[in-house]
There are 2 protein chains.
Amino acid sequence: MAGSRPKSGPTMHDVAAAAGVSQATVSLVLNSASGSRFSEETRRKVRDAVNRLGYRTNAHAKTLREGVAGMIGFIGDTVATTPFAGAIIEGAQQRAWEDGLLLLTVNTGGDKELEAASLDTMLSYKVAGVVYAGMYHRRLDVPEALTGVRSVVLNSQDRAGRVASVAPDEVTGGYAATQRLLQAGHSRIALINIETLESGLPAAVGRYDGYRKALEEAGLELDPDLVRFGSGGEEDGYKYAMELLTSSNPPTAIFCANDRGAWGAYQAVSDLRLSIPGDVSVVGFDNQATLAPFLRPGLTTFELPFVAMGRRAVELILQDAEPDGRVELMDCPLIERNSVTHPKETP
Amino acid sequence: MAGSRPKSGPTMHDVAAAAGVSQATVSLVLNSASGSRFSEETRRKVRDAVNRLGYRTNAHAKTLREGVAGMIGFIGDTVATTPFAGAIIEGAQQRAWEDGLLLLTVNTGGDKELEAASLDTMLSYKVAGVVYAGMYHRRLDVPEALTGVRSVVLNSQDRAGRVASVAPDEVTGGYAATQRLLQAGHSRIALINIETLESGLPAAVGRYDGYRKALEEAGLELDPDLVRFGSGGEEDGYKYAMELLTSSNPPTAIFCANDRGAWGAYQAVSDLRLSIPGDVSVVGFDNQATLAPFLRPGLTTFELPFVAMGRRAVELILQDAEPDGRVELMDCPLIERNSVTHPKETP
DNA sequence: TTTCAGTAGTTATTCGTATAACCGGCTCAA
DNA sequence: TTGAGCCGGTTATACGAATAACTACTGAAA
């Protein structure tokens, strides 16, 4: 009538009965990888019964015996809602599945109470480990409950330096972006950064450092007039690009430390009746999926390796190393489109 | 010393020993909501021991007895990677957590084999139900393994009409979008659709139907010259907007059935040295987070209710109704920005 | 004085699987 | 002829929590 019984499906005992063997035999036949322990006849009977009944193992019973579940916890502040970062979950899940594990995901939205409670539930499910992902690259505090639990910080870094972290290599990214413009022949290269250096934001500081390092190696002086610090919005991209391009000694190329800023720069260039890349080359950062490919011309930019990072984080959990504070930085690959060319007048 | 023992933490027996009572007492004290069955003294001893040892219940043992786990499976084709649809997971997870349940998520990327295998694993975890989410609104086939399992199709519809579905109300959305322009005083309203009607795509067909219905109710003739069918890209938005606006009898407003198309239309308007909304009003659809708010002027559009749909899908699973093929359509709220105003010359 | 009800717990069993320990029968070498 | 060793299984038990069924005791009513 009303109630719906859990409808638990056949158990190993049912299979054993159907096959005319003991439950232990079923278990051994199904699990022993190497075992030529049973006769082919018996194995066949067991497999037949399994198929006939549609038997499916009960993961909880298994976990109860073995102590660890085939699941990995994934906690993100709001990573799933951040448009481009869903890929991070995708990567984590891919890698987990390669080892037959599933992902138990929670987005806390920054709510520490929810975080603690859901983490607690996760641990009660005996997850094999926990990935703690930040929405953007920063230094964060790992919840206390994770001490003693195999865990990895993803797209951020453990401030305390205890838990291993996986994050994008901002310095190398900034370096490569500047290099790309240097190689094209530019020497007056502006930088529109996403934040001040004082913010300590790894993305802002790192990309700046890479920019500086590339110029230095090229034997170029860093011109402070060519470096602007905004807040990451396209308005700032617009404003600073406008200032730079209308200055007395304008740059021939702009490295925008994020794609949104680049978009603003595009609008400024358009308003000035200039063109990209003819009059000014632009390189972005983030490879924002809903933006970079659709700009005209397509924006040459660098991709945050979300999938790769997600994969790597899970991998670190799977190879149960001792928890060290190591920080693994992953390369941001260049996505070549059409916003870079030689400077106009080569002196 | 290499191996790392699972480190299973204290059990109820340990707590019982520490408190000087039996395991059953611990269980009853911790779970009996109404029970004034035990003395305050005993309850205190138990709670003290729980805190002292840091006891955490073993969810698998619990599930093994009870038959159903505190988890809901979430299978998406590539929903997590779709930039704007991460919110759908967010909504599902929110609602699940309100009942203390966690989400077991898998993105199959359309891989049917992975889908079957991971679904199997999910079911072996005795999930309370499964949400089967489509990346975009369409009619899809529910995997066989879900028959008999409590499940809901999300952001799509079960082609077979067996499983309940939750999807956006495209018709009402298209109707409201057209209404918005009619109310502003427009009577020549173009539609740039995202697909042909033959495609059967609910978003394309539904939004068109809403458009038609709104015009009809306003006593206006549907002018076929004002309706274009593209492929959803911004190039088509550009192309058709250009055609429409340069025609002999141009529209005063355009309803773009998606924001990307609207973006293309913006570019066309800009290239024609016209302005939005002064010369032409534009309404979009999707409220694409990384696009709609950043266009100048901000794009008035309609939001796909991802969070609400995710919530509703889980809700349907929680209130274990008999599986019916019901399709619940959810409203797409208007996001008012600045791309709509009165037509220029009111005759 | 017996009976009944209530209080405050305990004991025993169950869920489904994995595995250690065992067992009967057979072969083969000493 | 005995015993060691293998083959092909079975029996028994443990994992951790929930709960039905029971016990031991107290106090009050009949």
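Only a predicted model underlies this, so the values are computations on that prediction, with no experimental measurement involved.
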Show every donor-acceptor pair shorter than 3.5 Å between a side-chain atom in residues 15-26 of chain A and any protein atom, with sequence neighbours excluded, or say none if there are none.
unit_1, atom_1, unit_2, atom_2, d
A:S22, OG, A:T25, N, 3.3
A:S22, OG, A:T25, OG1, 3.1

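Note that CZ of A:F306 is 5.5 Å distant from CG of A:N155, once rounded to the nearest 0.5 Å.
Note on B:E328 versus B:R326: salt bridge recorded, some NZ/NE/NH1/NH2 to OD/OE distance being below 4.0 Å. Salt bridge status for A:D48 with A:R43: absent, with no side-chain N to carboxylate O gap under 4.0 Å.
Within the structure, a side-chain polar atom (N or O) of A:T42 is placed less than 4.0 Å from OP1 or OP2 of D:dG9.
For the residue pair B:S124 and B:T121, no side-chain donor N or O sits within less than 3.5 Å of a side-chain acceptor on the partner.
Distance CZ (B:R44) to P (C:dA8): 16 Å, rounded to an integer number of Å. Summarising the geometry, the separation between CZ on B:R43 and P on C:dT7 is reported as 13 Å, rounded to the nearest angstrom. One atom, CD of B:E41, and another, P of C:dA8, lie 12 Å apart when rounded to the nearest Å.
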* Do nucleotides 13-23 of chain C as a string where each nucleotide becomes B, S or -: B if the base has a protein heavy atom under 4.0 Å, S if just the sugar-phosphate does, - if no protein is that close. => -BBBBBB----
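Here B:V26 lies out of heavy-atom contact (under 4.0 Å) with every strand.
Here the side chains of A:E66 and A:V68 are not in contact, with every heavy-atom distance at 4.5 Å or above.
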